[in-house]
Structure formats: structure tokens, C-alpha cells
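Here the structure is laid out as C-alpha cells; the discussion comes afterwards.
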Number of protein chains: 2
Amino acid sequence: MSRESHAPTSVQTITRTLEVDIVLGRLYPRERLVEEQLANRFETSRHVVRQALLELEIAGLVVREANKGATVCEYSAEEVNQLYQMRGIVEWQAAMLIPLPIDPAYHARLETICDEHAAAISASDMIRVVAANKEFHQVAYRLCGNHFLADVIDEMAKKSNLVRFTSSTDLVRLKQARDEHYQILAALKQNDNVALAEISVKHLQPSRLMYLEKRGHLA
Amino acid sequence: MSRESHAPTSVQTITRTLEVDIVLGRLYPRERLVEEQLANRFETSRHVVRQALLELEIAGLVVREANKGATVCEYSAEEVNQLYQMRGIVEWQAAMLIPLPIDPAYHARLETICDEHAAAISASDMIRVVAANKEFHQVAYRLCGNHFLADVIDEMAKKSNLVRFTSSTDLVRLKQARDEHYQILAALKQNDNVALAEISVKHLQPSRLMYLEKRGHLA
DNA sequence: TCCCCGAATACTGTTGACAATATTGTTGGC
DNA sequence: GCCAACAATATTGTCAACAGTATTCGGGGA
């Protein structure tokens, strides 16, 4: 979010770790986040935990109530639909804006990340899967050349972590995502913005549908 | 940004006030924001000021460097173009998404705000102008029914305050904006999404162009 | 005169303790 | 046995003092 990532202070570490906890489903929606407990866990003072929680609140991952503390945010089915609609909008636009052809160095870079993602899936190493997935999309969407747009895409992706992993640990879904990444890469190589945009938007659907299905909110 | 606005604590007050200072041009880009000075000004402790500055950093209005403090953010010409491109994207989409016709109660509501905006311009009361302008756009864009989208529009509007008011205090521009608001209202009443989107995007251009002109960066 | 280096200054970053508030548990009246 | 008022606990919010770091200023040497 900030323009230049200043040296990774302890605050950053905590926010990152908590985000990972949320992604991996180690933290559930509505779960309380007590400052002192977190301070013990991260072996730091409550102050830095407080800051981390504030950042997470602004990022939309936790909700804080005055004098009551922070809890992991929970989205309603309606909000999930809105979130994915928003992601569809910004990711489509970003894909269309990427000036093609791109520097071939990015082909190699993205291919490496795709391979790492695939390897992590084979190894069932969820942490690596999540990291590689995140990096792939970040690198790809930065190509649109508009950092405000890329930042918002990132922001929305973070929010959707709240709904995603509760329903997407299964192997079938992961392999599908892996294949779609290679398709995105192919569209980039073929200099086809429209195909790129279509795959990107299509790539979003499964998580949303699985979530809504689980909650019985499919229209 | 947060889902529900919790009781306006002192931190909120400070961030709001500083935002207004930026909008009205009382704070310039690159101007330093010293914690202790602000603490004196707001008659509070450095601690709450710190939190406020953190929020403003995350909102992209100030930049903080470790051990060096916070300064009002400055955007390059390139970034200004990116910012307005982003605003164009999200405001266009929001306008297209508004389900028309809307409840006529909103017609009255928006008209009231338009009139207040016009009155404030006539009175040359910049604080009221800014407030009415902000409210008009907030109310209008909430109509799109997607609060993630509306939030991002808000966020981007805040950022553009950094470039806007340095160049748009002049009466001609203000009156043009006023007229465009009434045009937006008319498009809403006529249930014309496309016209609405076109006017909304057009409404963005003058500030950007004036800024770039001043800096001699017109392509 | 210019440049390097150390002291003084100004500011941010961190800590621990204390105050305010919400929640939970307990007692007494009916 | 049930409810209201009160006490105890848990948790967040605020504060003032201290530590750490960057910048500025002034002196000594070439």
C-alpha cells in the first residue's frame, strides 16, 4: 500500500504472519484477536501488535470495536459477491491495460513462479502454494503500469483470503488454478489482451462459487 | 474504509482535520508533519498523533520514513495520470452498475446536496464546498450497490485531493463542477447509465489537466 | 578556503505503568 | 429459583519518560 516498503519492522512481520494465518484457515472469521496474547506469541510489546491490528483493520481483514478489541472479519454472501464483482472489474481492466508485447524477461520470471507454484502443489506445501500464487499475480498485474490499480487488486485479493481458503484446500481446485496460471502466461506470450482478461476473470470464479455453494447461497 | 464507523475517537478527528488541511491547501506536498507539533496543536499526546499519521500513510496521503518522520505525499506527473486513469475506471464502472431507476427519494437527497454545493460556491465558503462535493459523490456512488467499489472510489478521491486543490480554487472551475453535478443528477433521473458514466468521467478531467498544465507535463 | 569529524540538537521509536471501559461472576432481595 | 445491583476480572486506551537515530552546527587540520 505504501509507496516504498520501508525496512521490514516487527509490525510488518506480525501483519504478514496474521495474514498467512487467515489464508491458511488457522484463524476463523469472528475469532477474537487479543492484544496481549498476540504480544506474547510474537514476543513483543502490545504497542506493535496494536499497530499491526490497526493496519489489518484498514486492510479490511479485521474489525475493531472501541474498547472491545479486534476480531477476524466475516463477509456475508452478499459481500462476497460484491468483492468478487470488484475483483472482476479491476483484474479485467488491468489485463486490458498491459502493454503487449512485454519484455520477454517477464516470460521467464513468470514461468519460474508458475513452476514453483506447481511444485508446491505437488508437494502439498500450502505455505509455498500461497506464496507462489500471490507472487504470480502481483508480478503479472504490475505489468499494467498503473500502481494504483495494481495496489487495489492486491488489496482485494487480500480481502478475498477471508473467504478463499475455507473452501479451496482441495487438490482439484489447486490444479485447476495451476493450469490457469499457465494459460495466463500463454496469453501474455501471444500478446492477446482479451484472452488474458478473460482467463483472469474466469480464474476468479471457482473460489467464489465454492464458497457460496457451501453456504447455500447460490442464486 | 472500515466497515462500520466506530465512535469518532480522537484519532479519527485528527485524520479528518489533516485531510481537510490537505484539501484546502493548508498543507503542501513534501511538508513535514512533526508529531510533537501536531500533539500541541490538537492538545493531545504524541501517541494518538502517531496513530493518525499511520492511518494517513496507509491511506496514501503521507509518506513516513523510519526515524525521519512523516511528510505530505507528493505525486509525480506520471502518478497523477495513473491516479486519474484509475478513477476513470472505477467511476465509470460504478456509474454503469447503478440499478436504474433509483428510489426517487435519492433524487431529492442529491438535489439538496447539489444546491448546498452551489450555495457554498456562491458564498465562496471553501470548507462547505469541499464537504458538499464529497457528500454528493459519496451518496451517488454508493448507489452502485457495491461497497468495495464505492470504498475504492472514495480512497482514490482522497488521494487526488493531494493534487486537486492546488489548482482548482478558481471560480470558473468550481462553477463547471457545480453544473456537472446537476448533469449527473439529470442523467440519474433519465435512467441513462451511459450518459451518467460519461459525465462522471468527464467530470474528472479538468483537475488533472490543470495540474499537468501547471507543471508543464502536458503530452 | 575547503573538508572531515565529533558534539549538540531535534525528532522518532519503544517501553512500562496507569486509567477507562466492557465482560463476567457473585451476592442479596424477592 | 430468578432478577437486579454490585464486585472482580479481562482487555483496551492513554500517558509520560526514556532510548535510539538522523540532521545540523562548529571546530581543527590540510
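Letters go in sequence order (proteins before strands), and every chain restarts at 1.
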### Query
Would a distance-only check, ignoring hydrogens and angles, find a side-chain to backbone donor-acceptor pair under 3.5 Å from A:Ser122 to A:Ala118?
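Yes; judged by distance alone, with no hydrogens or angles, the pair exists.
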[X] [atom1] - [N] [atom2] separation (whole Å):
X       : N      : atom1 : atom2 : result
B:Leu38 : C:dC11 : CG    : P     : 11 Å
B:Arg32 : C:dA10 : CZ    : P     : 12 Å
B:Glu43 : D:dT14 : CD    : P     : 16 Å
A:Arg46 : D:dT12 : CZ    : P     : 7 Å
A:Asn40 : D:dT12 : CG    : P     : 12 Å
B:Arg64 : C:dC11 : CZ    : C1'   : 13 Å
B:Gln51 : C:dT12 : CD    : C1'   : 16 Å
A:Leu54 : D:dT14 : CG    : P     : 12 Å

Legend entry - Carboxylate-amine/guanidinium contact B:Glu19 B:Lys158, below 4.0 Å: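 Result for this pair is yes, salt bridge flagged.
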Protein-proximity profile, nucleotides 19-25 of chain C, B/S/- by nucleotide at the 4.0 Å heavy-atom cutoff, equals --SSS--
Under 4.0 Å between a side-chain N/O of [X] and OP1 or OP2 of [N], yes or no?
X       : N      : answer
B:Arg50 : C:dG13 : yes
A:Ser45 : C:dT15 : yes
B:Thr44 : D:dC15 : yes

### Message
Just by distance, no angles: are the side chains of B:Gln51 and B:Glu55 close enough, under 3.5 Å, to form a donor-acceptor pair?
### Response
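No.
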Checking A:His181 against A:Asn133: is there a side-chain donor and acceptor pair closer than 3.5 Å?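 Yes, A:His181 and A:Asn133 have a side-chain donor paired with an acceptor closer than 3.5 Å.
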Requested in this report: For A:Leu53, report the nucleic acid contact type (base, sugar-phosphate, nothing); a contact means any heavy atom under 4.0 Å.
Outcome: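 No contact.
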Next on the checklist: From the set C:dT12, D:dT12, D:dT14, return the single nucleotide nearest to any side-chain atom of A:Glu36.
Outcome noted: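 Of the candidates, D:dT12 comes closest.
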- Item | B:Tyr106: partners by ring-ring contact (aromatic ring centres under 6.0 Å, His included), with sequence neighbours left out |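 If we apply the ring-ring contact (aromatic ring centres under 6.0 Å, His included) test to B:Tyr106, skipping adjacent residues, there are no hits.
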- Task: Can you measure from CD (A:Glu79) to NZ (A:Lys159) and round to the nearest 0.5 angstrom?
- Result: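 Between A:Glu79 CD and A:Lys159 NZ, I get 10.0 Å after rounding to 0.5 Å.
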query = Who pairs with A:Arg208 by side-chain hydrogen bond (donor to acceptor under 3.5 Å, both in side chains), at least two apart in sequence or on another chain?
reply =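 Testing A:Arg208 for side-chain hydrogen bond (donor to acceptor under 3.5 Å, both in side chains), a comparison that skips the adjacent residues, returns A:Asn81, A:Gln205.
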Next on the checklist: Suppose we call a contact any N or O donor and acceptor under 3.5 Å apart; does that hold for the side chain of A:His47 and the base of C:dG16?
Outcome noted: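 Pair found.
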